[in-house]
Trainee: 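Have a look at this one before I ask anything.
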Amino acid sequence: MAEPTPVDQLTFKQASVELEQIVSSLERGDLELEEALGAYARGVELLTSLRGRLASAQQQVSVLFDATQPQQAPAGAQGAAAPQPAAQPPYGADGPLF
């Protein structure tokens, strides 16, 4: 049997499909113990890589999202929004709730 492609050379989609195939194979229980252990190890390697790639993508999205948000002016700067009044305690029809 040929050596599997190194995980870092797989696209996200390829790694995801291979992981799904491994999970299906393990769930069917049609592998010998040694094969199942090897498949499980490969699955852990794929899962670790996929999680890392997702975390990296999430970080990139956060950076891009933050770049689209307006910058807040420092406190006391001209044109800064007026301070908001303090929150009022909750009142019912007959006065304070507590």
Trainee: Taking ILVMFWY side chains as joined if any heavy atoms are under 4.5 angstrom apart, and letting links pass through other members, which residues group with Leu37?
Mentor: Leu33
Trainee: Starting from the C-alpha separation in whole Å, work towards a yes-or-no answer on side-chain contact (heavy atoms from CB on, under 4.5 Å) for Leu10 and Leu46.
Mentor: CA-CA 9 Å; Leu10 297 173; Leu46 290 163; 3.8 Å; yes
Trainee: Can you list, pair by pair, the side-chain donor-acceptor contacts under 3.5 Å of residues 14-23, counting residues two or more places apart and other chains?
Mentor:
from: Gln14; atom 1: OE1; to: Thr11; atom 2: N; distance (Å): 2.8
from: Gln14; atom 1: OE1; to: Thr11; atom 2: OG1; distance (Å): 3.3
from: Glu18; atom 1: OE1; to: Arg42; atom 2: NH2; distance (Å): 3.0
from: Glu18; atom 1: OE2; to: Arg42; atom 2: NE; distance (Å): 2.7
from: Glu18; atom 1: OE2; to: Arg42; atom 2: NH2; distance (Å): 3.2

Trainee: Side-chain atoms of residues 58-68: list all donor-acceptor pairs with protein atoms under 3.5 Å, sequence neighbours left out, distances to 0.1 Å.
Mentor:
from: Ser62; atom 1: OG; to: Gln58; atom 2: O; distance (Å): 3.2
from: Thr68; atom 1: OG1; to: Phe65; atom 2: O; distance (Å): 2.6

Trainee: Can you confirm whether Phe12 is buried at CZ, in the sense that more than 12 heavy atoms of other residues, nucleotides or ligands lie under 6.0 Å from that atom?
Mentor: yes
Trainee: Surrounding CD of Gln69 (heavy atoms of other residues, nucleotides or ligands, distance under 6.0 Å), is the total greater than 12?
Mentor: yes
Trainee: Check side-chain contact (heavy atoms from CB on, under 4.5 Å) between Ala36 and all other residues, then give those that pass, not counting sequence neighbours.
Mentor: Leu26, Leu31
Trainee: Under the salt bridge (Lys or Arg N to Asp or Glu O under 4.0 Å) test, which residues partner Arg28, sequence neighbours left out?
Mentor: Asp30
Trainee: If the condition is side-chain contact (heavy atoms from CB on, under 4.5 Å), which residues does Pro6 pass it with, not counting sequence neighbours?
Mentor: Asp8, Gln9
Trainee: Mind checking the CG-CD spacing from Leu50 to Glu45? Nearest 0.5 Å is all I need.
Mentor: 10.5 Å
